Amino acid sequence: MAVKVLVVDDSSFFRRRVSEILEKDAGIEVIDFAVNGQEAVEKASKLRPDVITMDVEMPVLDGISAVKKIMQSNPTPILMFSSLTREGASATLDALDAGAVDFLPKKFEDIARNSEEATRALQTKVKEIGRKRVSRFTRPMATTKPATPASTSPKPVSSLRGSSTVAQPDRSFQKAPTETTPQRSFKASGKSYKVVAIGTSTGGPVALQTILTQLPANFPHPILLIQHMPAAFTPAFAQRLNSLCKIKVKEAEQGDKLMPGVAYLAPGGKQMMVESRGGSKTLKVFEDDSPRITYKPCVDVTFASTAKAYSGDVLAIVLTGMGADGRDGARMLKQVGATIWAQDEKTCVVYGMPQAVAAAGLSSESLALQDVALRINKELGIA
């Protein structure tokens with residue numbers, strides 16, 4: 001059965017272009033168009049599409065507001081199109097906060113190296129997220145910076161655009177916990193670690209926020225974050241995570257010394273590797289023009305260097321995402337005695353990367369998203 005798509009954009013040229021690309025795939029059917037956010041809300045309710053592609057800036061009702069209304073009334077997987085600017089990045093992150101599952105650059109030449117590759121990327125993403133047209137889940141998002149010891153009342157966190165407070169979304173397709181979802185009981189393995197490394201792609205921004213906001217300020221190790229994301233987005237994403245978490249989160253920079261309680265987000269468009277220098281570990285952040293490596297940043301690249309720098313003292317986690325990035329790096333980590341966990345299928349937006357790791361027999365545990373932070377804290381003896 002074809003994935004039914006509603007295309008939403010105020011530009012007739014872009015609506016036509018998206019439709020033409022999608023309908024080249026026999027597994028996709030564009031069922032209608034909407035020219036603004038209000039029309040998108042109405043047609044989402046009437047037509048019940050499997051996927052909605054949504055522009056951010058539109059008249060009558062903008063894309064972010066439309067996402068909020070759709071997720072409240074008729075939860076549907078929504079793919080945002082965004083400009084690769086700081087403002088576009090911030091707006092797209094707001095859309096993900098509101099319930100959108102993923103995003104793509106609005107300029108298709110920014111998606112890939114050529115038009116055929118960009119076409120496949122859009123078609124694949126729409127089909128993958130279209131498979132998540134399933135039952136409702138609600139998740140209370142963390143919307144405040146944890147209070148400091150001197151403060152007794154939390155303050156609201158503004159969006160990166162500096163105006164509105166981050167909304168409380170209905171995350172129907174993020175598969176996150178409800179307030180009544182029971183958490184599993186875990187037992188620490190007794191293994192020692194020196195670093196945590198987390199790789200993810202589609203659905204990753206929400207998954208990372210879910211996990212990192214539950215880690216304590218005294219987290220004992222550095223954390224490496226590899227999220228497939230454009231260069232324009234990672235500074236805003238790191239800033240947003242830092243505003244929400246007890247730990248410190250920063251975009252990784254060349255020469256950063258790895259410190260406990262700090263999460264380092266690999267910059268979009270670059271690779272991040274760990275190097276041993278004397279008794280310390282530092283980050284190498286660099287441009288990579290290798291045609292053999294599709295992703296920048298690439299989970300495999302970071303995992304492989306982490307295996308070399310830390311040997312088996314690594315806890316590596318592969319979260320939701322398309323493809324198999326992370327499998328080869330996880331294999332190298334496994335060979336030196338590291339521990340690898342994977343997110344389970346039920347709570348993934350796309351069960352690609354975790355499935356690749358699990359199918360290869362590399363992961364020792366399959367975890368629901370809502371359990372990952374609890375399991376990390378228990379494993380490291382800080383729960």
Side-chain angles (χ1 to χ4, degrees), residues 5-11 13-19 21-22 33-37 40 51-71 76-112 117-119 121-126 128-129 159-164 166-167 169 171 173-174 200-209 227-241 251 265 267-269 295-297 321-322 349-350:
V5 182
L6 173 66
V7 176
V8 184
D9 200 289
D10 59 325
S11 164
F13 168 78
F14 197 74
R15 292 196 304 273
R16 184 172 63 251
R17 191 177 185 196
V18 170
S19 176
I21 289 174
L22 292 178
F33 305 95
V35 300
N36 59 59
V51 176
I52 299 172
T53 68
M54 180 87 71
D55 190 21
V56 173
E57 297 182 7
M58 292 182 294
V60 184
L61 188 70
D62 65 89
I64 298 169
S65 299
V67 169
K68 292 177 183 178
K69 289 194 173 187
I70 290 170
M71 298 311 288
T76 307
I78 299 174
L79 176 67
M80 304 300 297
F81 282 110
S82 172
S83 62
L84 291 185
T85 63
R86 180 173 179 80
E87 292 75 18
S90 178
T92 303
L93 291 172
D94 286 341
L96 294 176
D97 274 337
V101 297
D102 204 8
F103 63 91
L104 281 174
K106 193 160 186 179
K107 292 183 179 179
F108 290 133
E109 55 268 30
D110 292 327
I111 298 175
E117 190 174 297
T119 294
L122 175 56
Q123 292 169 343
T124 300
K125 188 152 288 196
V126 164
E128 287 289 344
I129 67 174
S159 78
L160 292 177
R161 290 174 297 174
S163 55
S164 61
V166 176
R171 293 216 175 266
F173 303 96
Q174 302 296 344
T200 186
S201 182
T202 307
V206 170
L208 288 175
Q209 181 171 315
Q227 162 74 56
H228 296 166
M229 186 173 271
F233 282 60
T234 44
F237 185 43
Q239 181 181 343
R240 176 164 298 201
L241 288 174
E251 185 181 43
L265 178 68
Y295 304 106
K296 300 173 185 179
M322 285 193 295
V349 172
V350 177

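What you see is a predicted model, and the numbers here were worked out from it, not measured in a lab. In this chain, numbering begins with 1 at the start of the sequence shown.
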K.L.:
What I'd like to find out is whether the side chain of R240 reaches to under 4.5 Å of the side chain of D94, using heavy atoms alone.
P.N.:
yes
K.L.:
Supply the atom-to-atom distance L104 CG to M80 CE, rounded to the nearest 0.5 angstrom.
P.N.:
11.0 Å
K.L.:
Take the angle between the ring planes of F81 and F14 and call it parallel below 30°, perpendicular above 60°, tilted in between.
P.N.:
perpendicular
K.L.:
Taking side-chain contact (heavy atoms from CB on, under 4.5 Å) as the test, write out the residues that go with D10, two or more places apart.
P.N.:
D55, M58, P59
K.L.:
Looking at CG of L208 and CG of L241, how far apart are the two atoms once the value is rounded to the nearest 0.5 Å?
P.N.:
6.5 Å
K.L.:
Of all heavy-atom pairs between S201 and G321, which one has the smallest distance, and what is that distance?
P.N.:
CB-CA, 3.7 Å
K.L.:
In chain order, what residues pass the ring-ring contact (aromatic ring centres under 6.0 Å, His included) check against F33, with sequence neighbours excluded?
P.N.:
none
K.L.:
Tell me, do Q209 and L96 make a side-chain contact under 4.5 Å, heavy atoms counted?
P.N.:
no
K.L.:
Using side-chain hydrogen bond (donor to acceptor under 3.5 Å, both in side chains) as the criterion, list what pairs up with T53, not counting sequence neighbours.
P.N.:
none
K.L.:
Nearest 0.5 Å, what's the CD1-CD1 distance between I52 and I78?
P.N.:
4.5 Å
K.L.:
Should M229 and P205 count as side-chain neighbours, where that means a heavy-atom distance under 4.5 Å?
P.N.:
yes
K.L.:
Which heavy atom of G88 sits nearest to which heavy atom of S82, and what is that distance?
P.N.:
O-OG, 3.1 Å
K.L.:
Find the distance between CZ (F233) and OG (S90) and round it off to the nearest 0.5 Å.
P.N.:
9.5 Å
K.L.:
Would you please name every residue forming a side-chain hydrogen bond (donor to acceptor under 3.5 Å, both in side chains) with T200, sequence neighbours left out?
P.N.:
none
K.L.:
What pairs with T234 under side-chain hydrogen bond (donor to acceptor under 3.5 Å, both in side chains), at least two apart in sequence or on another chain?
P.N.:
E251
K.L.:
How far does NZ of K69 sit from CD1 of I64, to the nearest 0.5 angstrom?
P.N.:
14.0 Å
K.L.:
Restricting to non-hydrogen atoms, name the atom on P297 and the atom on G268 that form the minimum distance, rounded to 0.1 Å.
P.N.:
CD-CA, 3.9 Å
K.L.:
Answer yes or no: is there a side-chain heavy-atom contact under 4.5 Å between V18 and D9?
P.N.:
no
K.L.:
Is V56 close to K106 at the side-chain level, that is, under 4.5 Å between some pair of heavy atoms?
P.N.:
no
K.L.:
If I compare all heavy atoms of V51 with all of V126, which pair ends up nearest, and what's the gap?
P.N.:
CG2-O, 3.5 Å
K.L.:
Just to verify, what does Q123 make a side-chain contact (heavy atoms from CB on, under 4.5 Å) with, not counting sequence neighbours?
P.N.:
I21, K24, D25, I28, T119
K.L.:
Going by heavy atoms in the side chains, are T202 and V101 under 4.5 Å from each other?
P.N.:
no
K.L.:
Which heavy atom in Y295 sits nearest to a heavy atom in M322, and how many Å separate them?
P.N.:
OH-O, 4.2 Å
K.L.:
By side-chain hydrogen bond (donor to acceptor under 3.5 Å, both in side chains), which residues pair with K125, not counting sequence neighbours?
P.N.:
D102
